[in-house]
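Here's the structure we're looking at; comments come further down.
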Number of protein chains: 2
Amino acid sequence: MTKKSPAPEAVKAWGRLLRVSRQLVEKTEDILKAGGLPPLAWYDVLHELAEAGEGGLRPFELIDRVLLAQYNVSRLLARLEADGLVEKLPVSDDGRGQTVRITPSGREMRRRIWAVYGAAIADLMGDKLSAKELEALASLLGRLRDPPVGD
Amino acid sequence: MTKKSPAPEAVKAWGRLLRVSRQLVEKTEDILKAGGLPPLAWYDVLHELAEAGEGGLRPFELIDRVLLAQYNVSRLLARLEADGLVEKLPVSDDGRGQTVRITPSGREMRRRIWAVYGAAIADLMGDKLSAKELEALASLLGRLRDPPVGD
DNA sequence: TCTATATGGATGCATTTGCATCGATCGTCA
DNA sequence: TGACGATCGATGCAAATGCATCCATATAGA
């Protein structure tokens, strides 16, 4: 079987995508660290749990949402629980599982992270592109997702 | 001082950017691993060194090109050297430094990785967007780079 | 019901990363 | 020339990640 060769435009866009995203993540992590705040992954999980509300989420639901490996979620939740930011509840109809719920202190931490994270997003993205351009970017990126997503 | 709040469009584009890039990287790493090939970072370094030619590069030059931390480059080069893919040469006019040059076997490895990596790029990007769209994407991403880059 | 298989989640172990620091040389300035 | 701060690159140690596997429960099939 013959391997495909990518178009030059694809290679260029690919390179930019990887480099830019790494640069942005790194900068954001630095800013959070400088503010004595936990890493981005913590925010992601706290955000999902906050959106999920009182019902909480099962760890395996978290896995697809935050795009982390199972063992990573398992350990991250352990750290969050140790810090009192989430709590694990047994779930009645499945003896294997548990439900994870954000605590008030977790919500507070989420707010604190967001104050810094949101500002970083504004600095690093919002200020560089117009609203129309941001929408165009989101739309193009959506087509690269698996599964692709519209709007 | 008041913190900025990001525009909703910025938040959406940000989320897509981080998720899509992680998804693409992960998929690509999986493909490489399945082919018994080393990780993407190896390709990056071999690619830069191949472009640099016989003159090679100093490790600190590699650092900004591949966007890796200094200690990461140091250790990655040690692994590449152990595998005979690069060689380290003393540099005459700076007793602290060294020059790193790709070996024939390193060039060969780069080709083998590219056969798989290039096909992944074609699959994951080239097939999803038109040439025009890819250029638009690259251009938008270029504006997010630090420093921003045109074309 | 009893057994086989699949799923949810945790964990031991090896590798990789991040952080701080170190040794060595270079450049500058008195 | 001699001293001092900066730069290049490596490395010890701690934390995080990846991998394989494990335990427990759930589900399906004979």
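Numbered from 1 within each chain, the chains take letters A, B, ... in sequence-line order.
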Near A:R112 CZ, under 6.0 Å, is it more than 12 heavy atoms from other residues, nucleotides or ligands?
no

Integer-rounded Å distance: D:dA10 P and B:L68 CG
14 Å

Side chain of B:T103, backbone of B:L85: donor and acceptor closer than 3.5 Å?
yes

Of all the heavy-atom pairs spanning A:E54 and A:R101, show the shortest one and how long it is.
O-CD, 2.8 Å

Take atom CZ of B:R58 as the centre, draw a 6.0 Å sphere, and report whether it contains more than 12 heavy atoms from other residues, nucleotides or ligands.
yes

With nearest nucleotide decided by heavy atoms, which residue, B:D93 or B:Y71, maps closer to the 5′ end of DNA chain C?
B:Y71

Quick one: A:L76 CG to C:dT11 C1', roughly how many Å, whole number?
16 Å

Each nucleotide in nucleotides 2-9 of chain D should get exactly one letter: B, S or -. Can you fill that in based on protein heavy atoms under 4.0 Å?
-----BSB

CZ of B:R75 versus C1' of C:dA14: gap in Å, rounded?
15 Å

Any side-chain N or O of A:K33 less than 4.0 Å from the OP1 or OP2 oxygen of C:dC19?
yes

When you check the phosphate oxygens OP1 and OP2 of C:dT16, does a side-chain N or O of B:N72 lie under 4.0 Å from one of them?
no

Write down the distance between CG (A:L57) and C1' (C:dG8), rounded to a whole number of angstrom.
15 Å

